[in-house]
Amino acid sequence: MRKMFLIAFALAAFFGGCDSEDSNEAKRYERQAALDKGDWQKVLSLTENCGGDQACRNDRAAAYVVKAGLSASKIITAIEDENDKSYFAQLGKLFKADADVSLQSAMDEYALTIGNQALVCKSGSSANKWQKDACFNRSLAAISQSAVIIVNVLDNYSCWSSTCSSIDNADVDTLVNLIFVETDTLIKLLGIDSDTREEIEKIKSDINNSGSCYDTSSCATAILSYINANK
């Protein structure tokens with residue numbers, strides 16, 4: 001029941017609500033209908049000139065997530081599903097070509113809605129509806145982007161069926177930021193009894209239990225151990 005409620009909440013945030021003005025409501029309805037059908041091309045076309053329209057920006061970001069092969073519900077299911085080995089293995093089955101580029105574009109679009117991320121997402125005191133939605137969904141995009149990097153590491157080093165023994169420092173730094181920093185907002189926005197929050201905290205804990213992550217070298221060891229244990 002909690003999981004269904006959370007997915008419903010995420011979908012509402014992902015696709016957003018309706019504006020009071022009829023013209024804006026009609027535009028949002030058209031974008032949402034296209035997103036429901038997975039037609040990210042149409043949404044990107046409809047959102048080429050968002051300007052300062054935050055609802056438009058969020059829908060454009062959502063289109064990039066769909067382009068990557070994902071949706072809010074798919075991301076949450078991958079994080080929460082205990083029947084499979086890992087979130088990155090599950091998401092890896094869904095990724096479309098250049099998923100990393102699409103997810104970065106989504107995060108960039110959400111950032112335009114958010115503005116000052118440290119102030120808006122961390123404190124939430126000055127956030128409006130669209131900014132809160134953007135904070136939530138940017139975190140989902142971040143955990144998905146971390147999965148892309150891990151899958152690429154496994155593919156590039158051909159270690160799905162053997163032990164993966166190395167990882168680039170740049171990938172380590174990016175993974176630490178995505179998993180340990182970018183998801184903080186998501187954890188704060190979710191209730192303490194949220195399955196998603198619990199699983200994200202478990203991912204962080206599992207990495208640290210594999211080897212304390214406090215600098216590039218130690219994090220590389222910890223992350224590699226986590227990848228090898230959960231691939």
Side-chain angles (χ1 to χ4, degrees), residues 1-17 35-36 58 61-62 64-66 68-95 99-100 102-104 106-107 109-111 113-114 117 120-124 127 129-151 174-210 213 222-223 226-227 229-231:
M1 180 65 69
R2 287 182 301 170
K3 181 174 180 179
M4 293 302 297
F5 175 80
L6 180 57
I7 288 176
F9 169 78
L11 286 173
F14 192 71
F15 295 122
L35 284 171
D36 285 337
N58 282 3
Y64 280 118
V65 175
V66 173
L70 306 174
S71 67
S73 60
K74 289 178 181 177
I75 298 168
I76 290 171
T77 297
I79 294 171
E80 292 186 0
D81 195 347
E82 298 176 354
N83 296 321
D84 208 331
K85 267 266 185 179
S86 64
Y87 78 97
F88 59 81
Q90 294 183 76
L91 289 174
K93 302 171 186 175
L94 305 175
F95 292 140
D100 55 337
S102 297
L103 288 170
Q104 184 58 56
M107 292 182 67
E109 289 293 334
Y110 285 129
T113 297
I114 294 167
Q117 186 176 357
V120 174
C121 292
K122 298 256 167 109
S123 70
K129 168 187 167 43
W130 305 115
Q131 289 174 313
K132 289 177 181 177
D133 289 352
C135 289
F136 182 89
N137 287 303
R138 181 182 163 96
S139 291
L140 289 182
I143 198 71
S144 301
Q145 195 175 37
S146 74
V148 175
I149 295 173
I150 292 174
V151 169
T174 303
L175 284 171
V176 170
N177 181 62
L178 292 171
I179 296 173
F180 285 89
V181 179
E182 289 285 355
T183 60
D184 281 350
T185 297
L186 187 59
I187 288 174
K188 289 177 181 177
L189 288 171
L190 298 172
I192 58 174
D193 62 344
S194 162
D195 292 338
T196 303
R197 173 175 177 163
E198 181 179 328
E199 289 304 315
I200 291 176
E201 290 182 326
K202 184 176 183 299
I203 290 169
K204 296 181 179 184
S205 176
D206 285 349
I207 292 175
N208 269 323
N209 288 340
S210 299
C213 184
I223 290 171
Y226 171 77
I227 292 173
N230 294 278
K231 64 189 178 186

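- Annotation: side chain of Ile149 is not in contact with side chain of Asp100 (no heavy-atom distance under 4.5 Å).
- We find the CG-SG distance between Leu189 and Cys121 to be 7.5 Å, quoted to the nearest 0.5 Å.
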Chi angles and distances behind the side chain to side chain contact (heavy atoms under 4.5 Å, CB included) call for Ser71, Val65 = CA-CA 6 Å; Ser71 67; Val65 175; 5.8 Å; no
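- Taking every heavy atom of both residues into account, Ile114 and Ala134 meet most closely at CG1-CB, 3.6 Å.
- Between Asp184 and Lys188, none of the side-chain N atoms (NZ, or NE/NH1/NH2) sits under 4.0 Å from a carboxylate O, so this pair counts as no salt bridge.
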Please report the C-alpha distance between Leu186 and Arg197 in whole Å, then the side-chain angles of each, then the deciding distance to 0.1 Å, and finally whether the side chain to side chain contact (heavy atoms under 4.5 Å, CB included) criterion is met.
-> CA-CA 7 Å; Leu186 187 59; Arg197 173 175 177 163; over 6 Å; no
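- Under a 3.5 Å cut-off, the side chain of Asn209 and the backbone N or O of Ser205 do form a donor-acceptor pair.
- Separating the CG atom in Asn230 from the CD1 atom in Ile150 is a distance of 9.0 Å, to the nearest 0.5 Å.
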Decide side chain to side chain contact (heavy atoms under 4.5 Å, CB included) for Lys204 and Thr183; before the verdict, give the C-alpha distance in whole Å, the side-chain angles of both, and the deciding distance to 0.1 Å.
-> CA-CA 10 Å; Lys204 296 181 179 184; Thr183 60; 3.0 Å; yes
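- Residues Ile143 and Leu178 form no side-chain contact, since every pair of their non-hydrogen atoms from C-beta on lies 4.5 Å or further apart.
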Starting from the C-alpha separation in whole Å, work towards a yes-or-no answer on side chain to side chain contact (heavy atoms under 4.5 Å, CB included) for Glu109 and Tyr64.
-> CA-CA 9 Å; Glu109 289 293 334; Tyr64 280 118; 4.1 Å; yes
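- Evaluation of the side-chain hydrogen bond (donor to acceptor under 3.5 Å, both in side chains) rule for Ser139 yields no partner, not counting sequence neighbours.
- Checked against side-chain hydrogen bond (donor to acceptor under 3.5 Å, both in side chains), Tyr226 has no partners two or more places apart in sequence or in another chain.
- In summary, the side chains of Tyr87 and Ser146 do present a donor paired with an acceptor at a separation below 3.5 Å, with no hydrogens or angles considered.
- Residues Lys129 and Lys132 are not in side-chain contact: their nearest non-hydrogen atoms beyond the backbone lie 4.5 Å or more apart.
- A 4.5 Å side-chain heavy-atom check between Arg138 and Thr185 finds every atom pair outside the cut-off.
- Annotation: the span from Lys74 atom NZ to Leu140 atom CG amounts to 14.0 Å, rounded to 0.5 Å.
- Between Met107 and Glu182, some side-chain heavy-atom pair lies under the 4.5 Å cut-off.
- Between Ile207 and Val176, the closest side-chain pair of non-hydrogen atoms is not below 4.5 Å.
- One distance of note links SG of Cys213 with CG of Asn208; it measures 6.0 Å at 0.5 Å rounding.
- Here the straight-line distance linking atom CD1 of Ile200 with atom CD1 of Ile179 works out to 10.0 Å at 0.5 Å rounding.
- Taking CD1 from Ile187 and OG1 from Thr196, the interatomic distance works out to 10.5 Å, rounded to the nearest 0.5 Å.
- Side-chain contact between Ile227 and Ile223 is present, with at least one heavy-atom pair separated by less than 4.5 Å.
- With sequence neighbours excluded, no residue forms a side-chain hydrogen bond (donor to acceptor under 3.5 Å, both in side chains) with Gln131.
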